[in-house]
Q: 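Have a look at this one before I ask anything.
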Amino acid sequence: MQEEVQDYPRLIGEETADIAIVGGGYCGMNAAIHAAAKGLKVALIEAGRIGNGASGRNGGICVPQYPGAIPPSVVEGVVGKKKGEALAALVSGGADAVYRQIEAFQIQCSAVQNGWMQPAHSDAAMQRARKVFDEWKALGASVTWHSSADVTDRLGARGYLGGWSNSQGGTLNPYSLAVGLARVALARGVRIFEHSAVTSVEETESGVRLRSNGGTVLARSVLFATNAYTGDFLPGVQKSAVPVYLYHVTTKPLRESVRQQILKSGICFTDLRKSGGFGRLDSEGRLMSGGAVFAFGDRVGYGKKHAHARMKMLFPAITDEDTELDSYWEGYCAVTDAYLPHVLRIGRNVFSLGGFSTRGINLAHNLGRLMGEFLAGARELDEIPVNVFDRRHDVPLWAIKARVARLIFPYYQLKDRLGLT
Ligand SMILES: Cc1cc2nc3c(=O)[nH]c(=O)nc-3n(C[C@H](O)[C@H](O)[C@H](O)COP(=O)(O)OP(=O)(O)OC[C@H]3O[C@@H](n4cnc5c(N)ncnc54)[C@H](O)[C@@H]3O)c2cc1C
């Protein structure tokens with residue numbers, strides 16, 4: 001069973017709120033829910049429908065690890081020791097926190113917590129995976145090391161030399177989760193507006209005024225949770241992360257005999273290839289795959305062909321018939337130069353939070369919650385364990401990187417083939 005999609009009104013006329021949140025994804029909705037829980041009057045404004053951005057379009061893999069094989073020690077180098085320790089605790093416990101919240105809110109989103117694995121496809125990947133495993137183990141995370149044979153058995157996938165897993169990871173239906181969060185926010189008194197793109201922000205003595213095409217909201221403080229979908233009306237937020245265009249496909253439900261061989265325990269995985277080595281089954285037994293969009297020529301055809309080949313390469317039990325596709329979708333993911341999220345302080349009482357890379361189910365939920373509590377006055381800004389920048393923090397050469405991100409996929413595939421990843 002999935003959440004029932006609800007319609008929310010457009011912002012029309014003049015509204016007031018203690019806190020206004022722009023963006024109806026996991027970050028904005030968690031901030032809204034947890035600020036409202038502290039008794040604040042909250043308005044949430046979304047340009048399209050709830051879940052319109054990455055939150056309704058992601059792969060549904062909930063991961064208790066930083067992007068790729070970034071170990072906690074490297075993160076400490078970026079955010080400092082105190083925040084690094086706090087962020088490691090948030091990341092390692094964050095997947096579990098997402099599942100506990102889904103349970104508490106009774107969100108119908110096929111949430112399954114059967115673990116997540118990071119298998120290694122090359123000698124270089126083995127070294128990186130081992131390092132990240134050792135660091136999490138030393139920090140007391142629920143991690144296990146697996147031999148090559150064990151990885152093969154658990155994933156039903158070939159070619160892996162070993163890997164590690166965390167039992168708290170899992171899978172879910174991303175769009176239903178977004179829809180469910182909106183239902184909970186509404187029940188807690190958050191006023192939700194859809195089809196209301198915010199086009200200007202102005203901070204005055206009386207508060208922060210947001211304008212959309214239909215109305216205004218005057219609030220004491222504002223959070224932009226617009227992430228990779230920010231657009232150019234807020235260039236400081238837009239250029240603080242590169243919007244990387246990703247796609248996913250699912251097969252039709254797999255045959256029972258194949259399901260007994262692939263991801264049979266319901267575990268999901270993400271390897272260290274640059275060209276999309278991951279997999280999960282959905283509640284109907286469809287296998288998901290994907291990669292970065294190659295936005296040149298027939299981009300959908302290119303993606304489908306790649307996904308088909310990738311599934312056949314990884315899973316020996318799969319035939320051409322099994323890789324007949326059921327669906328294809330795309331979305332923008334915000335990637336910062338450090339692959340870590342950050343807060344931008346745009347004005348005295350105007351903030352943005354984003355840059356969750358491919359770990360937004362965990363990070364956008366848990367950091368969104370902390371941000372909501374900060375906006376409600378229940379914690380200090382310094383307690384949010386990411387870098388807080390008081391002035392612009394653009395990704396160097398942003399325009400070039402944003403363009404290259406849409407063309408670089410064949411290069412990533414080549415690097416993987418040559419064993420360089
Ligand atoms: C294809 C894909 C696969 C991914 N896979 C995974 C995965 O498996 N696991 C994982 O953990 N993460 C994954 N991610 C990343 C994850 O989805 C994101 O990090 C997360 O959803 C970000 O949430 P958010 O709330 O910050 O932003 P979003 O969900 O993108 O929400 C931003 C919202 O802001 C709205 N908006 C923008 N501008 C305005 C405006 N001016 N006025 C009003 N509203 C505005 C947009 O319409 C949008 O709805 C994936 C991302 C993509 C694209």
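Atoms within each ligand, like the ligands themselves, are counted from 1 in listed order. Throughout, residue positions are numbered sequentially from 1 according to the sequence presented.
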Q: I'd like to check whether G360 has a polar contact with ligand 1, where a contact means an N/O of the residue lying under 3.5 Å from an N/O of the ligand.
A: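 Looking only at distances, the answer is yes, because the N/O contact criterion of under 3.5 Å is met.
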
Q: With backbone taken as N, CA, C and O and side chain as the heavy atoms from C-beta onward, which portion of V63 lies under 4.0 Å from ligand 1: side chain, backbone, both, or neither?
A: neither

Q: Looking at ligand 1, is there an atom of it that comes within less than 4.0 Å of some heavy atom belonging to G231?
A: no

Q: CD1 of I45 to CD of E15: how many Å apart, nearest 0.5 Å?
A: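 Reported to 0.5 Å precision, the distance equals 9.0 Å.
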
Q: Which one holds for A228 and ligand 1: side chain close, backbone close, both close, or neither close, with close meaning a heavy atom under 4.0 Å?
A: neither

Q: Taking non-hydrogen atoms only, is H248 closer than 4.0 angstrom to ligand 1 via side chain, backbone, both or neither?
A: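 For H248, only side-chain atoms sit under 4.0 Å from ligand 1.
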
Q: Considering distance alone, does some N or O of Y26 sit under 3.5 Å from an N or O of ligand 1?
A: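 Yes: some nitrogen or oxygen of Y26 is under 3.5 Å from one in ligand 1.
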
Q: Side chains of W136 and V91: does their closest heavy-atom pair fall under 4.5 Å?
A: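 In short, these two side chains touch, coming nearer than 4.5 Å.
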
Q: Which residue holds the protein heavy atom closest to atom 44 (N) of ligand 1, what is that atom called, and what is the gap in Å?
A: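 Closest protein heavy atom to atom 44 (N) of ligand 1: A47 N, 2.9 Å.
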
Q: For ligand 1, which is the ligand I care about here, please tell me if C62 has any N or O atom under 3.5 Å from one of the ligand's N or O atoms.
A: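 In this structure, C62 places no N or O atom under 3.5 Å from an N or O of ligand 1.
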
Q: With a 4.0 Å cut-off on heavy atoms, is G354 in contact with ligand 1?
A: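 It does not, in that no heavy atom of G354 comes within the 4.0 Å cut-off of ligand 1.
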
Q: Under 3.5 Å, N or O to N or O, is Y332 touching ligand 1 that way?
A: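 Min N/O separation from ligand 1 is not below 3.5 Å for Y332.
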
Q: Please list, in number order, the atoms of ligand 1 under 4.0 Å from a heavy atom of C27.
A: 24 (P), 25 (O), 26 (O)

Q: Is there any N or O on N362 that sits under 3.5 Å from an N or O of ligand 1?
A: no

Q: Distance under 4.0 Å to a non-hydrogen atom of L246: what atoms of ligand 1 satisfy this?
A: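 Those of ligand 1 that fall under 4.0 Å from L246 are 1 (C), 2 (C).
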
Q: Would you say R57 and ligand 1 have an N/O pair spaced under 3.5 Å apart?
A: no

Q: Just jot down the ligand 1 atoms closer than 4.0 angstrom to any heavy atom of I61, in number order.
A: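 Atoms satisfying the 4.0 Å criterion: 7 (C), 8 (O), 9 (N), 10 (C), 11 (O).
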
Q: For ligand 1, does R359 get within less than 4.0 Å through its side chain, its backbone, both, or neither, judged by non-hydrogen atoms?
A: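 Within the 4.0 Å criterion, R359 contacts ligand 1 through backbone atoms alone.
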
Q: Taking distance alone, with no angle check, do V22 and ligand 1 share an N/O pair under 3.5 Å?
A: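 Between V22 and ligand 1 (N or O atoms, distance only) the closest approach is not under 3.5 Å.
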
